[in-house]
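Residues: numbered from 1 along the sequence shown.
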Amino acid sequence: AADSISIDTEWKDNGFLVGIQSGRVIVYEADTQQVYEYTDIDAAVLQKLHPSVYQDLLKNVHFDSKKELYRYLTVRKTMKTQYDVCVVGGGAAGMAAAIAAAEGGNTVCIIDKNKKLGKKLYATGNGRCNLANTDMKDGHYHSSSETYQKFLHTCLGEQPLHEMFAFLHSIGVYTRCIDGYYYPISMQASAVVWALLDRIKALQVTTYLSETVTDIRVKKDGYHIQCNTEIIARKVILACGGRSYPSLGGCAEGARLAEKLGVKQEPQRPALCAVMTEENTEAVKGVRVACSAWFEEGNTEWKQSGELQITEYGLSGIMIFNLSSELGRILSEKSSVKLYVDFLPEIEENAFVQGSRDVNRSLYGYLNAYLPDKLAMYILETACEQPKQALTELTEAQLHKIYHLCRRFPFHVRALKNYEQAQVTAGGIRLTEIQPETMECLGHPGMYATGEMLDIDGDCGGYNLTFALLTGLRAGRACHDKN
């Protein structure tokens with residue numbers, strides 16, 4: 001068994017062979033033929049902070065004197081590490097950017113605050129990883145910029161799905177399309193994460209995990225990125241993501257770094273989330289109903305159809321998620337937004353009124369033929385009608401009133417749910433700060449921003465992951481020397 005020795009142990013200057021054995025830094029002293037464990041250096045820490053040093057030791061490094069050995073294992077331990085490209089953030093955009101940059105011959109590292117790369121990606125699409133969508137219309141994206149469509153056309157390219165699938169196939173991810181939604185054939189997000197990780201490993205991209213970048217400074221020799229150690233890179237790609245799902249690594253560090261660097265941003269807010277209403281919805285919580293919902297601002301109307309889920313605090317469901325980005329933008333200026341729900345989108349008015357004359361039922365029983373019981377009662381109470389009243393006692397005016405209320409039922413949205421319950425972050429770096437062809441930050445040569453850090457967010461259906469991957473690829477490829 002190897003004896004443990006400290007840095008102060010006297011060694012003869014007859015040469016030393018240093019390497020890694022069973023996760024320990026081992027020193028072999030040639031003169032005495034003794035093997036020692038170098039307890040001052042933890043191999044796991046060395047691998048995390050200086051992978052290049054660790055890789056050297058795996059091959060065994062020879063030193064002629066104790067002085068050389070001491071310098072290598074102590075001075076090298078605290079030296080600055082240099083790369084061509086440093087990617088801050090190990091999500092979908094960051095991993096795509098690192099792969100693209102490394103494929104151009106750059107030395108690349110990724111810094112991520114989580115214990116493993118792609119942590120949030122594992123949860124995408126309820127673990128199935130909805131990668132993309134057949135419908136790539138601009139209306140599925142949202143931004144504070146009035147010219148965001150032009151930005152999208154440039155950064156996503158003429159054939160975004162073609163480029164997306166070409167990249168996925170190159171790393172060994174193959175897809176299937178279900179009702180317009182693309183997933184990995186295995187229907188598991190892990191298939192995508194593992195393929196990205198395998199490519200990162202093959203390209204010898206260095207990863208720094210459980211590290212938080214606290215500062216980025218521009219100096220003559222490049223960007224100095226400060227985390228547990230100091231990394232110097234010719235170019236840096238910001239792929240920090242947003243603030244959604246803090247339990248999966250969502251945070252505000254990216255926004256703070258951009259602010260320190262003087263990059264202009266729009267205020268961040270939750271998106272793809274449920275909303276809270278002024279109305280008390282406790283009596284109808286748990287109700288699910290197919291309908292449409294919309295709201296208006298000025299001359300613009302936003303509308304979605306699908307399944308509405310009513311909760312004790314308000315409204316939820318994918319259709320509400322897809323309205324939440326624009327609702328949040330308006331709520332940043334107003335205390336509430338009136339949102340209308342059409343609970344009878346397929347029922348004609350005459351059919352509803354005339355149908356009431358063909359049956360001998362109560363008003364509540366008749367409305368329950370069209371809507372869930374709890375919802376029928378809720379609507380009648382809102383209309384101040386007597387649920388047990390016979391249909392024969394109702395005037396046509398009353399029936400028309402009830403019908404119109406069902407077709408245009410008002411809710412007042414007062415707030416969005418928080419980041420822990422939001423799938424993405426709206427707001428971020430202004431699009432006017434970014435060159436869409438390369439994702440380079442204007443006024444900051446060699447610095448790029450990608451994915452959720454930008455003031456663009458998409459609807460449910462793979463839009464945000466498509467945007468993250470393609471902007472990551474564009475930034476990484478912009479780091480190639482030929483560019």
Around [X], counting heavy atoms of other residues, nucleotides and ligands shown, do more than 12 lie under 6.0 Å from its [atom1]?
X      : atom1 : answer
Gln204 : CD    : no
Tyr181 : OH    : no
Ile318 : CD1   : no
Trp194 : CH2   : no
Arg176 : CZ    : yes

*asked:* Check whether Tyr313 forms a cation-pi arrangement with Lys417 (NZ or CZ under 6.0 Å from the six-membered ring centre, at most 45° off the ring normal).
replied: yes

*Cation-pi between Lys119 and Tyr245: NZ/CZ under 6.0 Å from ring centre and within 45° of the ring axis?*
no

Under the 3.5 angstrom rule, does the side chain of [X] hit a backbone N or O of [Y] as a donor-acceptor pair?
X      : Y      : result
Ser305 : Ser292 : no
Asp84  : Thr107 : yes
Lys285 : Gln309 : no
Tyr141 : Tyr463 : yes

How long is the straight-line distance from [atom2] of [Y] back to [atom1] of [X], given to the nearest 0.5 Å?
X      : Y      : atom1 : atom2 : answer
Ile310 : Leu375 : CD1   : CG    : 5.0 Å
Cys86  : His224 : SG    : NE2   : 12.0 Å
Met136 : Leu156 : CE    : CG    : 5.5 Å
Thr134 : Leu161 : OG1   : CG    : 8.0 Å
Arg430 : Ser143 : CZ    : OG    : 11.0 Å
Met439 : Arg477 : CE    : CZ    : 13.0 Å

_Lys219 and Asp221: CA distance, side-chain angles, deciding distance, salt bridge (charged side-chain N to carboxylate O under 4.0 Å, His left out) verdict_ = CA-CA 6 Å; Lys219 297 186 179 182; Asp221 56 347; over 6 Å; no

Can you see which heavy atom on [X] is nearest to which on [Y], and at what distance?
X      : Y      : value
Leu308 : Leu315 : CD1-CB, 4.0 Å
Tyr148 : Asp138 : OH-O, 3.3 Å
Arg128 : Tyr183 : NH2-OH, 3.3 Å

*Could you tell me whether Lys334 and Glu297 make a salt bridge, using a distance below 4.0 angstrom between a side-chain N and a carboxylate O?*
yes

*May I ask you to check whether Glu452 and Thr425 show a side-chain donor-acceptor distance below 3.5 Å?*
yes

_Thr281 side chain to Glu312 side chain, donor-acceptor N/O pair below 3.5 angstrom_ = no

*After noting the C-alpha distance and the side-chain angles of Arg256 and Glu259, does the key distance pass the salt bridge (charged side-chain N to carboxylate O under 4.0 Å, His left out) rule?*
CA-CA 5 Å; Arg256 283 196 283 266; Glu259 183 180 7; over 6 Å; no

